[in-house]
Structure formats: structure tokens, C-alpha cells
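We use all heavy atoms of the structure for the numbers below, so side chains are in, but hydrogens, waters and symmetry mates are not.
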Amino acid sequence: MLAGLSTLELGRLRMSVGYGTHKKGRLYSPIEVGLLFRKARDSGASIRDCATEARIDETGIGRFLRILDLPHDLQHLVDWGAGRNAIGFSSAVELVRLREADDQHAVARSILADGLNSKEIRQIGQLRIRSGRAIGACIKEILGMRPTIERRYVFIGSITDQNVEDALIKLTQAERDSILESGIKLLNLRGASGRLGKRFFTLVGDEHFNASMKSIGKESIEARLRTHISETLENARPHC
């Protein structure tokens, strides 16, 4: 057993971090794994204890703990692999190396909009330190080294109802994303996918999605998705 974790939590943790585990079969996101390791550490477990019980190397434990330093409004975006609507685990590890939260936000947006990979993020960070130039200029220079650039459109909405936020906290990342996916289908936001956090949701898409945003309106999309999320949570709540 690992201090602070239940048998169920430890079992699901192992299934999520085990070598050879298929990405689609992981029960926890990287952030959720990091939170469990932090919980174990706060309960007295050492890094070695965590590594032994999770059956991964100690360096891996540090990576999971490190990404917890990302701003809270970016954490829901972290997934196991790179995707059009997510920040891959390796990219998140590089992202957290940036010193300023504003820089992290700028690079995160470019990850979603331009598909920055972990190597490019590392290059941006090195250029930022070496040259002292603004983060936007550093991103532009690294992107300029590509032969072609695929443009994506990013929309970030917020959860303003405390009761909804409290309910979302109790769900896993996969459960939250399922709610948002059904909302995207309901609004017929073609070419879009997204991630739902505890206080924010992020949509990423192609030209079809951009056309939907212009047609429906960003404020309307945000309001309607908030309503959908709230109603879905209410309908899932047990009633006496």
C-alpha cells in the first residue's frame, strides 16, 4: 500500500501510469496522477515509496509532481499524448519550465493553436532566456522555422457557478470531457473538440469551428455550454 491512498486509488494509479498502458485505457489524467502522488507524499510517502508502489522510476514521479505547478486554468488541458485539444504530458513538463505564468499561458495557447511540440517548447524557453525577448517574439521565431503552419482556433470559457464548480471537482477529467463533448454536439460546433476543467473549458477547432463561432457568437457559445454543463450535472444528481 501507498500512504494516503486507498486500494482502489492505487490500483487505478497503476493502470494509468503502467508501461504499455494504452492511452485510451488510462483512468486518470497526468494531473490526477500527480495529485495522487502529492496526496501520498503529504501522508508521509517518499519518492522511492511512490515509485515502488506505482512501478515506475523515481524520475517519473518528479515529472508528475512538477506539472502541478502549472496555472490551474491550464491543468485540465494536460493529457497523455499530444492532441488538437490538449497539451501532451511531455509538452506540459517543458511548459512548466517557463518562469512566468504569462509566458506559460502564451505558449499553451500556441500549443493548441499551432500544435507546438515538446522540442519546440524547449527551444522557445531557451530562446526566451538567452535573448530576453518577449515570449510572443520567441514563439514566432520558432514557428517560423517550420515549412508550414496549420492554424487552429482556440476558445476559452469559464464556469461562474460555484455549485457547478463544486460538482465538477468530484469528477475525473474523462467524465468532465464527456459532458463537454455532448455539449459540442448539441450546439453542432463542427470541427471542434475540447477539455472541461473545474473552472474553465477550452475548445479547439478548425475553420468550420471558426465559422461556428462567428455564426453563433462567442458569448452565446459560452452561455449555452454553461447551461448544458449545469443541466447535465443536475440530471445526474440523485433525487429523493
Check your understanding: Any salt bridge between R151 and D114, counting N to O under 4.0 Å?
Key -> yes
**Study point:** Separation between CG of L74 and CD1 of I67, rounded to the nearest 0.5 Å
**Key:** 11.5 Å
Exercise for review: Please name all residues satisfying side-chain contact (heavy atoms from CB on, under 4.5 Å) with T202, sequence neighbours left out, ordered by chain then number.
Suggested key: H76, L77, L112, V154, I156, V204
Point to revise | Nearest heavy-atom neighbours spanning R176 and G197 | key: CD-O, 3.5 Å
Point to revise | Pairs touching residues 28-60 that satisfy ring pair (Phe, Tyr, Trp, His ring centres under 6.0 Å), sequence neighbours left out | key: F37-F64
Review point. Should L13 and L8 be counted in the same cluster of Ile, Leu, Val, Met, Phe, Trp and Tyr side chains packed under 4.5 Å apart?
Key: no
Practice item. If a pair satisfies salt bridge (charged side-chain N to carboxylate O under 4.0 Å, His left out) and one of its residues is in residues 221-232, list it, with sequence neighbours excluded. Key: E222-R226
Revision key, fill the gap. d(L68 CG, R38 CZ) to nearest 0.5 Å is 4.5 Å
**Study point:** M1-I61 co-clustered via ILVMFWY side chain contacts under 4.5 Å
**Key:** yes
**Study point:** R146 side chain reached by L116 side chain, heavy atoms, under 4.5 Å
**Key:** yes
Revision key, fill the gap. Applying side chain to side chain donor-acceptor pair (under 3.5 Å) to H72 and not counting sequence neighbours gives none
**Study point:** Which residues share a side chain to side chain donor-acceptor pair (under 3.5 Å) with R195, sequence neighbours left out
**Key:** D79, D177
**Study point:** Heavy-atom pair of closest approach, residues A92 and I87
**Key:** N-CG2, 3.8 Å
Review point. For the atom pair CZ (R122) and CD1 (I142), what is the distance rounded to the nearest 0.5 Å?
Key: 11.5 Å
Review point. Quick one: does S110's side chain have a donor or acceptor within less than 3.5 Å of a partner on A106's backbone?
Key: no
Review point. Hey, what else clusters with L203 if you join Ile, Leu, Val, Met, Phe, Trp, Tyr whenever side-chain heavy atoms sit under 4.5 Å?
Key: Y153, F155, I159, V164, L168, L171, I179, L180, I184, L186, L187, L189, L196, F201, F209, M213, I216, I221, L225, I229, L233
Study note, to complete from the structure: Residues at least two apart in sequence or cross-chain that pass side chain to side chain donor-acceptor pair (under 3.5 Å) with T172, listed by chain then number, are E175
Practice item. Evaluate side-chain contact (heavy atoms from CB on, under 4.5 Å) for S91 paired with E120, printing each intermediate quantity in order. Key: CA-CA 9 Å; S91 293; E120 290 171 324; over 6 Å; no
Check your understanding: S178 side chain to A174 main-chain N or O, any donor-acceptor pair under 3.5 Å?
Key -> no
Practice item. Would you give the length of the straight line joining atom NZ of K185 to atom NE2 of H228, rounded to the nearest 0.5 angstrom? Key: 10.5 Å
**Study point:** Test side-chain contact (heavy atoms from CB on, under 4.5 Å) applied to I47 and R41, step by step
**Key:** CA-CA 7 Å; I47 294 292; R41 293 280 287 146; 3.6 Å; yes
Check your understanding: Taking atom CD of E100 as the centre, does the number of heavy atoms from other residues, nucleotides or ligands within less than 6.0 Å exceed 12?
Key -> no
Practice item. Test side-chain hydrogen bond (donor to acceptor under 3.5 Å, both in side chains) on D49 and S46 and set out the steps. Key: CA-CA 5 Å; D49 292 335; S46 66; 3.1 Å; yes
Indicate every side-chain donor-acceptor pair of residues 125-137 with a distance under 3.5 Å to a residue at least two apart or in another chain.
{"residue": "R128", "atom": "NE", "partner": "D103", "partner atom": "OD2", "Å": "2.9"}
{"residue": "R128", "atom": "NH1", "partner": "R133", "partner atom": "O", "Å": "2.9"}
{"residue": "R128", "atom": "NH2", "partner": "D103", "partner atom": "OD2", "Å": "3.3"}
{"residue": "S131", "atom": "OG", "partner": "L127", "partner atom": "O", "Å": "2.6"}
{"residue": "S131", "atom": "OG", "partner": "R133", "partner atom": "N", "Å": "3.2"}
{"residue": "R133", "atom": "NH1", "partner": "E141", "partner atom": "OE1", "Å": "2.6"}
{"residue": "R133", "atom": "NH2", "partner": "E141", "partner atom": "OE1", "Å": "3.1"}

Review point. Which heavy atom in V17 sits nearest to a heavy atom in A54, and how many Å separate them?
Key: CG2-O, 3.7 Å
Practice item. Please report the closest heavy-atom contact between K198 and L35, naming both atoms and the distance. Key: NZ-CD1, 4.3 Å
Exercise for review: Can you sort out the partners of E53 under side chain to side chain donor-acceptor pair (under 3.5 Å), two or more places apart, ordered by chain and number?
Suggested key: R14
Point to revise | Nearest atoms (heavy-atom pairs only) where V93 meets R66 | key: CG1-NH1, 3.7 Å
Exercise for review: Drop me the distance from N188's CG to S212's OG, to the nearest 0.5 angstrom.
Suggested key: 6.5 Å
Exercise for review: Check for a donor-acceptor pair, side chain of Q75 on one end and backbone N or O of L70 on the other, with a separation under 3.5 Å.
Suggested key: yes
Review point. Can you name the nearest heavy-atom pair linking L95 to I121, along with the distance?
Key: N-CG2, 3.9 Å
Review point. Can you name the salt bridge (Lys or Arg N to Asp or Glu O under 4.0 Å) partners of E207, sequence neighbours left out?
Key: none
Practice item. Would you confirm whether S16, through its side chain, and R12, through its main-chain N or O, come within 3.5 Å as a donor-acceptor pair? Key: yes
Point to revise | Pairing residues for K140 by the side-chain contact (heavy atoms from CB on, under 4.5 Å) criterion, not counting sequence neighbours | key: none
Point to revise | salt bridge (Lys or Arg N to Asp or Glu O under 4.0 Å) partners for K39, two or more places apart | key: E9
**Study point:** Point-to-point distance, once rounded to the nearest 0.5 Å, from CD1 of I31 to CG of L36
**Key:** 11.5 Å
